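What you see below is based on every heavy atom in this structure, not just the backbone, and it leaves out hydrogens, waters and symmetry mates. Numbering of ligands and ligand atoms starts at 1, following listing order. Residues: numbered from 1 along the sequence shown. Keep in mind the model is a prediction, meaning the values are calculated, not measured.
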Amino acid sequence: MSFRQKHLLGIEPLHPTEITAILDLADRYVELNRQANKHADALTGLTQINMFFENSTRTQASFELAGKRLGADVMNMAMQASSLKKGETLIDTALTLNAMHPDLLVVRHPHSGAVDLLAQKVNCAVLNAGDGRHEHPTQALLDALTIRRAKGRLHRLNIAICGDIAHSRVARSNIILLGKMENRVRLVGPPTLMPTGIADFGVEVYDDMREGLRDVDVVMMLRLQKERMDGGFIPSEREYFHRFGLDAEKLSFAKDDAIVMHPGPMNRGVEIDGTIADDINRSVIQEQVEMGVAVRMAAMDLLARNLRAAREADQGVMA
Ligand code: NCD
């Protein structure tokens, strides 16, 4: 078995063969999702709880649909409205939920590391749906699947990740994944939006879009994460669009067949021109959403297999 993880907390712990195992299975789920009957039984009998401590539309919907298509009982907890407001700690919330015997916990949290902490306190599989600026593994996996299907491979590609790198868990997970699969990653954006310690990432850094996009195969745009900024990062949105927003002129520096990606939600006219985002010959933004459901089905299926195997082994020891 090529996927050995108990949780999916980040891309960091994954071996390249594990990444490939998820993507290969996800390819099969893409086919299933295009059928009239989209049901499979990989998660039948299991309970999936989605705990989102931060707003989310597409990621939560994607995980919910993925679980339901595989036969799980899926429950969404609106964490902002609930016990957190009453002062309960993350750990108490986790222990309370754990007592309800979930099998899969999908967690999004504003603090980096919170999901890892929670995973140590529960006895089910935990999937990180985004923690602070740290990781967003299923986003990087769905991006990888989108690239692999569009380009026919996931190695030796030139990929530019552009914009607000400093605040982006999407960028971080993608840099790690694309590096593990032996691609050349460039980061393009203003120095104020580059993370500290960038030299350790094994990437090339540009503060000019035209230079940064020259001859790349993939242009990955990021949302300007205003909610994570405390002012002073960019002069104005208009100025930002002028220098770093993706439009046809800047895109013309990339390869003729370069694809354009964005994890959503988009700020049209800030980091990306709406006509580029909607150009079906260049933009794969809708494909990314489609791949998201399939990748989450694959990840939960593989984790559930390991969970069942571990429980059977435990029962064997007790017998
Ligand atoms: C991303 C996130 O939440 O990190 N969005 C997503 O998962 N679809 C990126 C973002 O918020 O800009």
Has R108 got its NZ or CZ under 6.0 Å from the middle of the six-membered ring of F52, at an angle within 45 degrees of the ring axis? no

Rounded to the nearest 0.5 Å, how far apart are CG of L105 and CG of L97? 6.0 Å

dist E135:CD -> I176:CD1 (nearest 0.5 Å) comes out at 4.0 Å

Within a 6.0 Å radius of atom CZ on R184, are there more than 12 heavy atoms belonging to other residues, nucleotides or ligands? no

Thinking salt bridges, do D24 and R28 make one under a 4.0 Å N-O criterion? no

Check ligand 1 for N or O atoms under 3.5 Å from a protein N or O and list each pair with its distance.
from: ligand 1; atom 1: 3 (O); to: R108; atom 2: NH1; distance (Å): 3.3
from: ligand 1; atom 1: 3 (O); to: R108; atom 2: NH2; distance (Å): 3.2
from: ligand 1; atom 1: 3 (O); to: R169; atom 2: NH2; distance (Å): 2.9
from: ligand 1; atom 1: 4 (O); to: R169; atom 2: NE; distance (Å): 2.8
from: ligand 1; atom 1: 4 (O); to: R169; atom 2: NH2; distance (Å): 3.4
from: ligand 1; atom 1: 5 (N); to: G264; atom 2: O; distance (Å): 3.0
from: ligand 1; atom 1: 7 (O); to: T59; atom 2: OG1; distance (Å): 3.0
from: ligand 1; atom 1: 7 (O); to: R108; atom 2: NH2; distance (Å): 3.1
from: ligand 1; atom 1: 7 (O); to: H136; atom 2: NE2; distance (Å): 2.7
from: ligand 1; atom 1: 8 (N); to: P263; atom 2: O; distance (Å): 3.3
from: ligand 1; atom 1: 8 (N); to: G264; atom 2: O; distance (Å): 3.3
from: ligand 1; atom 1: 11 (O); to: R223; atom 2: NE; distance (Å): 3.3
from: ligand 1; atom 1: 11 (O); to: R223; atom 2: NH2; distance (Å): 2.9
from: ligand 1; atom 1: 12 (O); to: R223; atom 2: NE; distance (Å): 2.7
from: ligand 1; atom 1: 12 (O); to: R223; atom 2: NH2; distance (Å): 3.4
from: ligand 1; atom 1: 12 (O); to: Q225; atom 2: NE2; distance (Å): 3.0

Give me each pair satisfying salt bridge (charged side-chain N to carboxylate O under 4.0 Å, His left out) with a member in residues 155-166, each pair once, sequence neighbours excluded. none

